[in-house]
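What's counted below: heavy atoms across the whole structure, side chains too, no hydrogens, waters or symmetry copies.
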Amino acid sequence: LVNPLEASEENLVRGKEAFGIWCSSCHGLKGDGQGYLYTSKRYPYPPADLLTGEVKALKDGEIYHSITVGYGVMGSHGGRIRQEDRWKIILYLREDLQK
C-alpha cells in the first residue's frame, strides 16, 4: 500500500490531531514510546518507540496495516480510526515526529 495523500499542511494538522487522540496515550506525544498509559504503569508492556531506525525503515503500507489490524500486543484500530486519518497519522509521523 502506498499513502494516497500528500503531506499538505491540512493533512499534517489532522494527522497530529488524530495521533494525539489515538496514538499518544501509548506511544507518547513525541512518538518515543513514553505515553501516559506506560509511564503511569497502567500498562506494563512498553509500546513501540516510533522514532527508531527499525520503524523509520517500515513502508507506509506496513504501518497502515499495523494500525488497521494491530501488531504484537497492540490491538486493531481499523474499526476506530477512519482510513483517511490512518494515512494522515502516518504523514504526521514521517514529516514531523521522525525528522
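- Residues Asp49 and Val55 are not in side-chain contact: their nearest non-hydrogen atoms beyond the backbone lie 4.5 Å or more apart.
- Its side chain outside the 4.5 Å cluster rule for every partner, Tyr38 clusters with none of the Ile, Leu, Val, Met, Phe, Trp and Tyr residues.
- When all heavy atoms of Glu95 and Leu12 are compared, the pair lying nearest together is CB-CD2, 3.7 Å.
- Closest heavy-atom contact between Pro47 and Gly33: CD-O, 3.6 Å.
- Distance check, rounded to the nearest 0.5 Å: SG of Cys26 to CE of Met74 gives 8.5 Å.
- The two residues His77 and Gly75 come nearest to each other via the heavy atoms ND1-O, 2.9 Å.
- Summarising the local packing, NZ of Lys56 is surrounded by more than 12 heavy atoms from other residues, nucleotides or ligands at distances under 6.0 Å.
- Tracing side-chain contacts under 4.5 Å through hydrophobic residues (I, L, V, M, F, W, Y), one reaches Trp22 starting from Leu97; they form part of the same cluster.
- Hydrophobic clustering keeps Leu29 apart from Leu50 (ILVMFWY residues linked when any side-chain heavy atoms are closer than 4.5 Å, directly or through intermediates).
- Separation of atoms NE2 (His27) and CZ (Phe19) is listed at 7.0 Å; rounding is to 0.5 Å.
- Leu37 and Tyr45 fall within a single hydrophobic cluster, where Ile, Leu, Val, Met, Phe, Trp and Tyr side chains are chained together by heavy-atom contacts under 4.5 Å.
- Remark: Gln98 CD is packed, more than 12 non-hydrogen atoms of other residues, nucleotides or ligands lying under 6.0 Å away.
- Atom CG of Asn3 and atom NZ of Lys88 lie 10.5 Å apart (nearest 0.5 Å).
- No continuous path of hydrophobic side-chain contacts links Val69 to Ile89 [ILVMFWY only; heavy atoms under 4.5 Å].
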Applying salt bridge (Lys or Arg N to Asp or Glu O under 4.0 Å), run through Arg14 and Glu10 and close with a yes or a no. CA-CA 6 Å; Arg14 176 60 189 156; Glu10 180 181 337; over 6 Å; no
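- Atoms CD1 and OG, on Ile67 and Ser76 in that order, are 10.5 Å from each other to the nearest 0.5 Å.
- The aromatic rings of Trp87 and Tyr64 lie parallel to each other, with less than 30° between the two planes, well short of the 60° mark.
- Counting only heavy atoms from C-beta outward, the side chains of Glu54 and Leu58 never approach each other to under 4.5 Å.
- For the atom pair CG (Leu1) and CD1 (Ile63), the distance works out to 12.0 Å, reported to the nearest 0.5 Å.
- Within the 4.5 Å cutoff, side-chain heavy atoms of Tyr43 are placed close to those of Val73.
- Judged by distance alone, the side chain of Arg86 and the main-chain N or O of Gly78 form a donor-acceptor pair under 3.5 Å.
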Going through the distances and angles, do Arg94 and Asp60 end up as a salt bridge (Lys or Arg N to Asp or Glu O under 4.0 Å)? CA-CA 9 Å; Arg94 299 288 198 206; Asp60 288 356; 2.8 Å; yes
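- Looking at Glu62, its side chain does come within 3.5 Å of a backbone N or O of Lys59 through a donor-acceptor pair.
- Taking NE2 of His65 as the start and OH of Tyr71 as the end, the distance is 10.0 Å to the nearest 0.5 Å.
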